[in-house]
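Here is the structure we will look at, set down as structure tokens.
Residue numbers begin at 1 in each chain, while the letters A, B, ... track the order of the sequences.
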There are 2 protein chains.
Amino acid sequence: MLGQATRTSASFPRQVLPTGMEPAEALRGKARRRLESHMGKETAALFDRCGRERDFVGGEALARCEDPGDAVYIVLEGVVGLYAEAPSEPRDVLGYCYSGDLIAPARLGVAWSFDATALTSGRLLVLSLQELRDRGDGTLAWALLEAACAELSRRTARLRGYWFLPVKARLATFLFEMDEGIGQRTDRGLEVDLPMFRDEIAIYLGTRTETICRILTGWKDRGLIVMDSPRKLVIPDGARLRAEAFA
Amino acid sequence: MLGQATRTSASFPRQVLPTGMEPAEALRGKARRRLESHMGKETAALFDRCGRERDFVGGEALARCEDPGDAVYIVLEGVVGLYAEAPSEPRDVLGYCYSGDLIAPARLGVAWSFDATALTSGRLLVLSLQELRDRGDGTLAWALLEAACAELSRRTARLRGYWFLPVKARLATFLFEMDEGIGQRTDRGLEVDLPMFRDEIAIYLGTRTETICRILTGWKDRGLIVMDSPRKLVIPDGARLRAEAFA
DNA sequence: CGAAAATTTGAGCACGATCAATATGTGTGG
DNA sequence: CCACACATATTGATCGTGCTCAAATTTTCG
């Protein structure tokens with residue numbers, strides 16, 4: 001991939017990206033389900049009790065590279081992007097986090113070592129390390145360890161999952177990943193409001209903006225997707241798109 | 001990458017891969033340095049106290065997908081490969097672990113959810129979860145959480161690090177990664193005994209065996225590397241190789 | 001409405017995939 | 001110790017995906 005490439009510049013995130021509000025109840029339910037499927041009911045409940053909820057809006061910086069990593073986040077709703085530190089643009093996308101995902105500093109109590117930025121509005125569970133340590137609650141530490149291990153495995157799988165796919169399949173996979181996080185089922189199909197630009201998608205998928213465009217256009221022309229606007233996609237038939245992308 | 005690819009079969013690891021023994025002291029020092037640089041002196045010492053050392057030989061299965069993940073490993077010496085479960089070959093390489101790296105089950109106490117196989121002989125620190133839990137030692141749980149967070153970040157960086165590189169650069173990066181783990185400085189340069197076959201490297205790097213061969217041959221012809229045997233490489237001048245690969 | 005940003009389209013070509021054949025190990029039994 | 005068989009590695013020829021550079025377009029926002 002990018003066989004002959006030398007990346008040129010781009011910078012993320014460049015602006016606040018308001019995404020349409022979503023039915024709160026549905027998402028709460030969805031978030032809870034994901035949370036519990038990721039870490040089990042009891043653990044989820046434990047985190048609920050110990051953490052502090054925080055709402056965020058698209059574009060908000062949730063953690064900065066140099067900030068002391070004195071907390072651990074669990075995404076409840078929305079999408080959070082993780083970006084590598086980069087003195088010079090473009091910043092590399094490390095990954096996206098959805099509800100149930102754990103965001104932990106690379107060096108606990110020292111530094112996050114990456115930037116976390118909200119891509120949509122959403123909600124976060126903040127677990128302050130200091131507080132938790134002071135409590136001396138071993139249970140919680142074990143629960144966090146559990147969550148971290150799960151996240152490690154999930155992250156690896158997500159990243160490696162793209163590795164062998166041709167770009168078309170990567171893009172489809174990405175769309176479904178986004179859909180799981182912030183998609184909605186309507187009578188038109190799966191509606192996904194992409195919370196980022198084409199070039200950020202390209203970086204995440206290890207390809208170029210133009211390629212993303214071409215593929216999306218191709219799909220649009222064949223009715224596999226509908227583009228209300230460049231950022232508002234509708235997938236009338238997920239199975240058909242998947243079949244086509246992996247053909 | 002692999003734009004037109006449909007992966008064909010290969011199976012790892014296929015045999016015990018004895019790698020030459022190495023000067024124990026040098027490695028002990030190296031392992032300790034890596035360990036401490038990854039997690040700090042005190043934490044490393046804590047783990048040392050709580051864990052049980054275990055030697056392994058190349059080819060040994062250290063964890064199986066379905067096994068209950070009732071321990072956490074810290075690699076002291078050698079290289080451990082992590083492989084995705086795959087009912088049908090080929091198995092995907094999730095990553096390689098070197099001294100200082102943490103290997104933790106995806107679901108603590110439930111299942112590893114991946115296979116860990118020793119690629120070389122080496123040594124492992126085994127931290128039994130049951131024992132640790134029984135101790136009720138919060139400190140240790142925090143230390144493990146710390147290690148897990150660090151591993152998460154390291155793993156992500158390692159995987160994403162390859163993302164944008166053309167295959168040549170990936171292969172060079174891989175060689176240096178291996179060198180860091182098991183390489184030796186001699187008067188001939190950096191000596192690296194690859195503990196896996198060409199096709200496993202190809203899978204790890206998201207390319208094909210033939211491509212790996214062509215690149216290595218190219219480098220050999222230009223004196224950038226010496227191949228004592230297909231698996232025994234010498235890099236006379238690391239800087240030169242790096243420059244060439246990233247040119 | 002106009003400027004800037006983001007997206008889309010076009011033409012050409014390089015990297016790396018593919019398929020097929022050959023060569024080099026590596027281990028086995030005679 | 002050699003000869004065979006099999007596993008692994010290398011080389012060759014061809015071609016497709018996706019990168020490049022460049023030029024429209026369309027969106028977005030002040």
Practice item. Calculate the interatomic distance between M196(B) atom CE and dT8(D) atom P; express it in whole Å. Key: 14 Å
Check your understanding: So, is T207(B) near the phosphate of dA17(C), with a side-chain N or O under 4.0 Å from OP1 or OP2?
Key -> yes
Review point. Quick one: R208(A) CZ to dC21(D) C1', roughly how many Å, whole number?
Key: 11 Å
Study note, to complete from the structure: Of P230(A) and P230(B), the one whose nearest nucleotide on DNA chain D sits closer to the 5' end is P230(B)
Practice item. Round to a whole Å and report the spacing from CD1 of I203(A) to P of dC19(D). Key: 12 Å
**Study point:** Below 4.0 Å: OP1/OP2 of dT11(D) and any side-chain N or O of T217(B)
**Key:** yes
Practice item. Respond yes when some side-chain nitrogen or oxygen of T211(B) is under 4.0 Å from OP1 or OP2 of dA17(C), and no when none is. Key: yes
Revision key, fill the gap. When rounded to whole Å, the CD to C1' distance for the pair E200(A) and dA5(C) reads 15 Å
Exercise for review: State whether a side-chain donor-acceptor pair under 3.5 Å links R198(A) with T209(A).
Suggested key: no
Exercise for review: Using whole Å, report how far CD1 of I212(B) lies from C1' of dA9(D).
Suggested key: 12 Å
**Study point:** Modelled atom types, side-chain donor and acceptor of Y98(A) and E177(A), under 3.5 Å
**Key:** yes
Study note, to complete from the structure: Regarding the side chain of C213(A), the nearest nucleotide among dC19(D), dT8(C), dA17(C) is dT8(C)
**Study point:** Nearest-Å distance for atom pair CG/C1', residues L165(A) and dT17(D)
**Key:** 14 Å
Check your understanding: Taking side chain as C-beta onward, heavy atoms only, is I215(A) less than 4.5 Å from W219(A)?
Key -> yes
**Study point:** Donor + acceptor pair across side chains of E77(B), S99(B) (<3.5 Å)
**Key:** no
Exercise for review: Measure the distance from CG on L216(A) to C1' on dT7(C) and round it to the nearest whole Å.
Suggested key: 10 Å
Practice item. Establish whether the base of dT18(C) is bridged to the side chain of R214(B) by a donor-acceptor pair shorter than 3.5 Å. Key: yes
Review point. Is there a donor N/O on one and an acceptor N/O on the other, under 3.5 Å, for the side chain of R231(B) and the base of dG25(C)?
Key: no
Point to revise | Short side-chain N/O contact to dT10(D) OP1/OP2 from T209(B), under 4.0 Å | key: no
Check your understanding: With side chains defined as the heavy atoms from C-beta onward, is the minimum distance between R158(A) and D101(A) less than 4.5 Å?
Key -> yes
Review point. Between atom CD in E210(B) and atom P in dA13(D), what is the gap in whole Å?
Key: 15 Å
